[in-house]
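Notes follow once the structure below has been shown.
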Amino acid sequence: GAGVSQSPSNKVTEKGKDVELRCDPISGHTALYWYRQRLGQGLEFLIYFQGNSAPDKSGLPSDRFSAERTGESVSTLTIQRTQQEDSAVYLCASRGQGSLYGYTFGSGTRLTVV
Amino acid sequence: KQEVTQIPAALSVPEGENLVLNCSFTDSAIYNLQWFRQDPGKGLTSLLLIQSSQREQTSGRLNASLDKSSGRSTLYIAASQPGDSATYLCAVIKAAGNKLTFGGGTRVLVKP
């Protein structure tokens, strides 16, 4: 597609439930990133996929968080046993190869844990 | 560890004034630097990308400069408009394919 697509745009869930967030990157972009932005705060790196390489999971805050990516296409971020502190906007970005390509972000998924 | 700082954190100007937004980073070994705009409740919109070999990029009323040796970038917005009100974020990338490190942003309000 023309841009990075994320779904759902909004999600309200009860504490303790699992949620799955989806990201469709720009076609042909080999790199995909997940970031989290809590209310009034900056962007926190979560995880990074590059082609078939092992993902960089160094930003995942706990083992309740996991992400998968199928080849160079869709990625899903899963949060198990959600907590109120997980409430945030989850942003996905993709990037093509080479220094000419910047990052393109999706509109994000606003997650509210009640 | 790369740290990115944006000063000021907030800025309010009357319409028509030029805006100057500052970004500094601690590790000058960057691959490129990107400026983004974020509107309330929305995702990020890319404004300008400056490769490490470049000193500036321009797009319309926007101009961004990069001084790697001093670890600084400046975003200039000429003749500001109320529609320019948003949060502006700078981010650096250390190496190709590596993750972005973001500054905390500058929240801009342009008053009509």
Side-chain angles (χ1 to χ4, degrees), chain A residues 3-7 9-10 21 23 25-26 29-60 67 72 88-112, chain B residues 1-10 23-25 29-55 57 59 62 64 66 68 73 75 86-107:
Chain A
V4 177
S5 177
Q6 291 188 247
S7 61
S9 55
N10 279 285
L21 313 180
C23 173
I26 292 174
H29 277 194
T30 57
L32 186 147
Y33 306 78
W34 284 97
Y35 285 82
R36 176 172 74 176
Q37 187 175 33
R38 289 182 166 136
L39 185 64
Q41 298 188 20
L43 276 78
E44 301 172 72
F45 166 76
L46 296 177
I47 188 168
Y48 153 54
F49 296 90
Q50 174 65 56
N52 294 319
S53 303
D56 176 353
K57 304 180 182 180
S58 60
L60 294 178
E72 294 184 353
V89 176
Y90 290 82
L91 292 161
C92 174
S94 71
R95 184 176 186 274
Q97 285 187 325
S99 63
L100 293 178
Y101 293 90
Y103 293 74
T104 302
F105 278 81
S107 298
T109 294
R110 180 176 298 278
L111 175 66
T112 304
Chain B
K1 179 188 173 186
Q2 178 72 274
E3 293 184 2
V4 182
T5 304
Q6 290 187 246
I7 294 173
C23 172
S24 61
F25 45 95
I30 64 169
Y31 186 68
N32 60 36
L33 182 147
Q34 195 164 357
W35 281 93
F36 296 89
R37 168 187 172 136
Q38 186 174 32
D39 293 280
K42 302 285 181 64
L44 275 67
T45 300
S46 178
L47 297 174
L48 290 167
L49 169 72
I50 311 176
Q51 299 175 62
S52 61
S53 58
Q54 298 176 319
R55 295 193 64 86
Q57 277 286 341
S59 176
L62 276 60
L66 174 64
K68 271 182 54 179
S73 176
L75 177 66
T87 296
Y88 292 83
L89 297 159
C90 76
V92 299
I93 176 173
K94 182 168 185 171
N98 208 328
K99 60 182 184 284
L100 284 166
T101 301
F102 281 88
T106 295
R107 192 170 64 254

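In the text below, chain A, chain B and the rest are named by the order of the sequence lines, each starting its count at 1.
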Margin query: Does the Lys NZ or Arg CZ of B/K99 fall within the cation-pi geometry relative to A/Y48 - under 6.0 Å from the ring centre and within 45° of the axis?
Written below: no
Item checked: Inter-residue atom distance A/R95.CZ - B/I93.CD1, 0.5 Å rounding -> 4.5 Å
Checklist line | chain A contact via B/L100 - side chain, backbone, both or neither, heavy atoms under 4.5 Å | finding: both
Checklist line | A/Q37, part contacting chain B, at a heavy-atom distance under 4.5 Å | finding: side chain
Notebook entry, point to check: Taking the six-membered ring for Trp, are B/F102 and A/F105 parallel (under 30°), tilted (30 to 60°) or perpendicular (over 60°)?
Noted result: perpendicular
Notebook entry, point to check: Quick check: are there more than 12 heavy atoms from other residues, nucleotides or ligands sitting under 6.0 Å from CZ of A/R38?
Noted result: yes
Next item on the list: Find the one option among B/G104, B/G43, B/S53 whose heavy-atom pairs under 4.5 Å with chain A are most numerous.
Entry: B/G43
